[in-house]
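Each remark here refers to the structure printed beneath this line.
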Amino acid sequence: MGFGDLKSAAGLRVLNDFLADKSYIEGYVPSQADIAVFEAIAAPPPADLFHALRWYNHIKSYEKQKASLPGVKKPLAKYGPADVEDTTGAATDSKDDDDIDLFGSDDEEESEEAKKLREERLAQYESKKSKKPAVVAKSSLLLDVKPWDDETDMAKLEECVRSIQADGLVWGSSKLVPVGYGIKKLQIQCVVEDDKVGTDMLEERITAFEDYVQSMDVAAFNKI
């Protein structure tokens, strides 16, 4: 098993054929297998080996994340087609001093430093996110409150309605609107926090003033 010498044209051709129907050296996501093979290549594959070149450019984009890719890096001979003999004679983690490190140094100290930096940035992001005020969903309501008849004290009716106090409820402007036969209804605006105040609660509490209120309807409902 192996690709042969990946610094040679023959080895790159084997890699190109191997990747003709594959996205990665192993599995379906970038892994340490891809890093091991990538680091064994001296330079980008030529354009005519487009499968290998496509894979090479894709794996190169993971330069900063290479230490966090899944899997365990194995000797180069453990990867590739089964019918090709490995001729490199060395594992990917035992390179000569003059080998080209396409990703730069990947010693344990730098890997730990990169990991620490990621953890610190993640902690800063979570802290910033937790301090960001939550968006409160609110709605603007226009309520129609109808009296029993034309003799109902509308000033007292409005006083009763405005006496309803709740967390997340703010009363606004109001007016009397004729409905016929000398009867006027109270049309009153309010703003509510959706999680705290519902229309059912408002209707229940307003119609509880049964000496003045016949019914309540929501004339308009708009999200803020």
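Being a predicted model, the structure only gives us computed values, none of them experimental.
- Side chains of Cys190 and Leu202 form a contact here, defined as non-hydrogen atoms less than 4.5 Å apart.
- Residues Trp171 and Ile188 are in side-chain contact: their nearest non-hydrogen atoms beyond the backbone lie under 4.5 Å apart.
- By the ring-ring contact (aromatic ring centres under 6.0 Å, His included) test, Tyr24 is found to be paired with His58, residues two or more places apart in sequence or in another chain being considered.
- Within a 6.0 Å radius of NZ in Lys116, no more than 12 heavy atoms belonging to other residues, nucleotides or ligands are found.
- In terms of the side-chain contact (heavy atoms from CB on, under 4.5 Å) criterion, residue partners of Ala10 (sequence neighbours excluded) are, by chain and number, Ser8, Arg13.
- With a 6.0 Å radius and a threshold of 12 heavy atoms from other residues, nucleotides or ligands, Glu210 has its CD atom at or below the threshold.
- The pair Glu39-Lys66 meets the salt-bridge criterion, with a side-chain N (NZ, NE, NH1 or NH2) lying under 4.0 Å from an Asp/Glu carboxylate O.
- Contact of the Ile25 side chain with the Phe18 side chain is registered, since non-hydrogen atoms from C-beta on lie closer than 4.5 Å.
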Next on the checklist: Quick one, Asp34 with Trp55, criterion side-chain hydrogen bond (donor to acceptor under 3.5 Å, both in side chains). Give me CA distance, side-chain angles, the key distance, then yes/no.
Outcome noted: CA-CA 9 Å; Asp34 296 283; Trp55 167 86; 2.8 Å; yes

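- A donor-acceptor contact shorter than 3.5 Å links the side chain of Arg54 to the backbone of Leu19.
- Here the closest non-hydrogen pair linking Met201 and Ala166 is CE-CB, 4.1 Å.
- Taking hydrophobic clusters as Ile, Leu, Val, Met, Phe, Trp and Tyr residues chained together by side-chain heavy-atom distances below 4.5 Å, Phe221 shares a cluster with Ile206.
- Cluster annotation: Val191 is not connected to Leu143 through the hydrophobic network of ILVMFWY side chains, with a link wherever side-chain heavy atoms come within less than 4.5 Å.
- Residue-environment remark: CD (Gln65) exceeds the threshold of 12 foreign heavy atoms within 6.0 Å.
- Minimum interatomic distance between Met154 and Leu186 (heavy atoms only, all atoms of both residues): CE-N, 3.7 Å.
- Between the side chains of Glu158 and Ser174, at least one donor-acceptor pair of N or O atoms lies under 3.5 Å.
- The closest side-chain heavy-atom distance from Ile183 to Pro147 is below 4.5 Å.
- Between Pro46 and Leu12, the closest side-chain pair of non-hydrogen atoms falls below 4.5 Å.
- Linking Ile, Leu, Val, Met, Phe, Trp and Tyr residues whenever their side-chain heavy atoms come within less than 4.5 Å leaves Val14 and Leu53 in two separate clusters.
- For Tyr79 and Phe3, the gap between ring centers reaches or exceeds 6.0 Å.
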Checklist entry - Between Lys156 and Glu159, does a salt bridge (charged side-chain N to carboxylate O under 4.0 Å, His left out) hold up when you go through it step by step? => result CA-CA 5 Å; Lys156 184 63 178 179; Glu159 181 183 333; 3.6 Å; yes

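- Under the 4.5 Å side-chain criterion, counting only non-hydrogen atoms from C-beta, Asn16 is not in contact with Pro45.
- A donor-acceptor contact under 3.5 angstrom links the side chains of Asp194 and Ser139, judged on distance only.
- In this structure the side chain of Lys138 never reaches within 4.5 angstrom of the side chain of Val192, judged on heavy atoms.
- With no hydrogens or angles considered, no side-chain donor-acceptor pair links Trp148 and Asp211 at under 3.5 Å.
- Residues Val218 and Leu169 fall within the same hydrophobic cluster, defined by Ile, Leu, Val, Met, Phe, Trp and Tyr side chains chained together at heavy-atom separations under 4.5 Å.
- For the atom pair NZ (Lys184) and NZ (Lys175), the distance works out to 12.0 Å, reported to the nearest 0.5 Å.
- Under the side-chain contact (heavy atoms from CB on, under 4.5 Å) criterion, Lys146 pairs with Lys185, Ser215, Asp217, not counting sequence neighbours.
- In terms of heavy-atom proximity, Tyr56 sits nearest to Phe38 at O-CE1, 3.4 Å.
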Item to check | Step-by-step side-chain contact (heavy atoms from CB on, under 4.5 Å) determination, Leu142 to Gln187 | outcome: CA-CA 7 Å; Leu142 182 63; Gln187 199 166 73; 3.6 Å; yes

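- Side-chain heavy atoms closer than 4.5 Å link hydrophobic residues (I, L, V, M, F, W, Y) into clusters, and following such links, even through other members, never connects Val170 to Ile164.
- Counting only N and O atoms by type, the side chains of Glu26 and Ser31 include no donor and acceptor under 3.5 Å apart.
- Side-chain atoms of Gln32 come within 3.5 Å of backbone N or O of Leu69 as a donor-acceptor pair.
- What you find for Arg162 and Ser173 is that their closest heavy atoms are NH2-C, 4.0 Å.
- Side-chain contact between Phe209 and Leu157 is absent, with no heavy-atom pair separated by less than 4.5 Å.
- The two residues Gly182 and Asp150 come nearest to each other via the heavy atoms O-CB, 3.5 Å.
- What you find for Asp144 and Ala219 is that their closest heavy atoms are OD2-CB, 3.6 Å.
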